[in-house]
Amino acid sequence: MKIQSSVALVSGANRGLGAAFVRGLLAGGAAKVYAGARDPNTVNVPGAVPVQLDVTRPEQIAHLARELTDVTLLVNNAGISEIGPVLATSAIDSLRRQFDTNTIGPLRLAQAFAPVLAGNGGGAVVSVLSALSWLTLPGRTGAYSASKAAGWALSNALRHELKSQHTQLLSLHAGFIDTDMARHVPGPKSTPEEIVRQTLAALEAGESELLADAVSREVHRGLTAERPVYLGTPE
Ligand SMILES: NC(=O)c1ccc[n+]([C@@H]2O[C@H](COP(=O)([O-])OP(=O)(O)OC[C@H]3O[C@@H](n4cnc5c(N)ncnc54)[C@H](OP(=O)(O)O)[C@@H]3O)[C@@H](O)[C@H]2O)c1
């Protein structure tokens with residue numbers, strides 16, 4: 001997938017990683033970048049084309065797929081993170097909200113735009129996942145991790161199904177990124193710009209999966225450790 005002359009649609013493009021994707025794509029030579037946002041008036045990247053997109057609203061997704069027929073790259077970036085134990089009574093509602101936004105929304109966008117991408121020669125879809133697709137921070141990220149784990153499984157399914165139409169599916173995993181979502185998290189964080197730089201390079205290299213920082217690589221390695229990382233430390 002070449003960034004030069006591509007036409008991208010980025011969800012959650014008004015701030016954080018999404019806004020960095022819009023800037024990076026334009027700087028990388030994209031012909032057009034549609035910046036999807038729940039409120040398009042909050043998009044403030046010069047050169048971007050703001051479009052209304054709430055990923056939990058099927059009618060908005062269907063409308064965009066009818067209108068934006070030149071898209072060659074879909075960046076499924078929009079996401080929410082709600083912290084809390086899964087034993088809390090509020091966890092079911094929280095799980096539903098996070099699945100709607102982090103799991104079902106991206107799938108619905110991929111479904112709607114697959115024919116558009118096929119019609120434009122194949123193109124690519126980026127799934128913004130997380131190191132927390134493979135790991136839960138005890139008592140905190142159970143529902144978020146579940147939504148990203150399901151997003152990971154669906155991205156693997158989509159990769160197979162999109163292959164015959166020559167659409168590349170790139171899954172992006174990272175630990176903490178310096179955005180509003182991780183504002184209250186202490187410790188090292190990647191810059192959104194660095195994550196975007198690596199993602200665009202991985203797209204150009206035709207890759208299927210990007211582990212964009214040391215944390216995601218360590219968690220991934222830990223899946224096959226003698227005591228797998230998701231079991232945590234013994235009592
Ligand atoms: N930050 C991290 O540490 C980290 C690490 C790994 C992966 N990620 C993933 O990276 C992606 C971007 O997150 P971020 O760090 O940039 O978070 P962020 O700063 O909180 O931004 C989230 C973006 O998603 C949008 N959004 C939320 N719900 C939406 C909906 N229903 N429809 C459309 N847009 C919606 C927000 O729009 P509004 O302004 O309207 O709320 C905002 O633009 C997410 O998928 C997140 O899970 C983040």
Side-chain angles (χ1 to χ4, degrees), residues 9-24 33-45 48 50-64 74-83 94 96-110 112 125-137 140-141 143-152 154-155 170-196 198-199 209-220:
L9 169 62
V10 181
S11 66
N14 54 316
R15 59 192 173 95
L17 187 60
F21 265 114
V22 176
R23 290 192 299 270
V33 181
Y34 296 112
R38 289 193 275 204
D39 178 357
N41 294 317
T42 59
V43 172
N44 59 6
V45 180
V51 293
Q52 183 163 42
L53 175 57
D54 181 330
V55 302
T56 67
R57 302 275 299 271
E59 74 286 3
Q60 291 188 6
I61 293 173
H63 173 75
L64 287 185
L74 168 65
V75 182
N76 263 327
N77 165 79
I80 55 171
S81 161
E82 298 183 6
I83 301 298
S94 175
R96 285 209 173 93
R97 281 193 295 273
Q98 292 181 86
F99 262 75
D100 273 351
T101 304
N102 299 348
T103 315
I104 294 168
L107 176 59
R108 209 184 288 280
L109 274 158
V125 176
V126 175
S127 293
V128 179
L129 300 168
S130 173
L132 292 172
S133 307
W134 301 312
L135 180 73
T136 294
L137 303 181
R140 300 181 59 215
T141 67
Y144 176 78
S145 291
S147 73
K148 289 294 186 180
W152 176 57
L154 288 168
S155 297
L170 174 66
S171 291
L172 159 64
H173 298 266
F176 291 118
I177 306 168
D178 197 4
T179 66
D180 293 342
M181 187 177 282
R183 198 177 41 227
H184 302 297
V185 179
K189 298 172 204 173
S190 301
T191 64
E193 290 71 23
E194 174 57 17
I195 300 294
V196 168
Q198 289 190 51
T199 305
E209 183 175 72
L210 170 63
L211 311 184
D213 60 5
V215 170
S216 57
R217 290 189 287 273
E218 192 181 323
V219 171
H220 190 259

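Counting starts at 1 for both ligands and their atoms, in listed order. These numbers were taken from a predicted model, which means no experiment stands behind them.
- At a 4.0 Å heavy-atom cut-off, the residues surrounding ligand 1 are Gly12, Asn14, Arg15, Gly16, Leu17, Arg38, Leu53, Asp54, Val55, Thr56, Asn77, Ala78, Gly79, Ile80, Thr101, Val128, Leu129, Ser130, Tyr144, Lys148, Ala174, Gly175, Phe176, Ile177, Thr179, Asp180, Met181, Ala182, listed by chain and number.
- The shortest side-chain heavy-atom distance between Val45 and Val33 does not fall under the 4.5 Å cut-off.
- Sorted by first and then second residue, the pairs that involve residues 9-23 and meet salt bridge (Lys or Arg N to Asp or Glu O under 4.0 Å), not counting sequence neighbours, are Arg15-Asp180, Arg23-Glu193.
- In this structure, the salt bridge (Lys or Arg N to Asp or Glu O under 4.0 Å) partners of Arg57, at least two apart in sequence or on a different chain, are Glu59.
- Residues passing the salt bridge (Lys or Arg N to Asp or Glu O under 4.0 Å) test with Arg97, sequence neighbours excluded: Glu82.
- Summarising the geometry, atom NZ belonging to Lys148 is positioned 7.5 Å from atom OG1 belonging to Thr103; distances are rounded to the nearest 0.5 Å.
- Taking the six-membered ring for Trp and thresholds of 30 and 60 degrees, His173 and Trp134 have nearly parallel ring planes, at less than 30 degrees apart.
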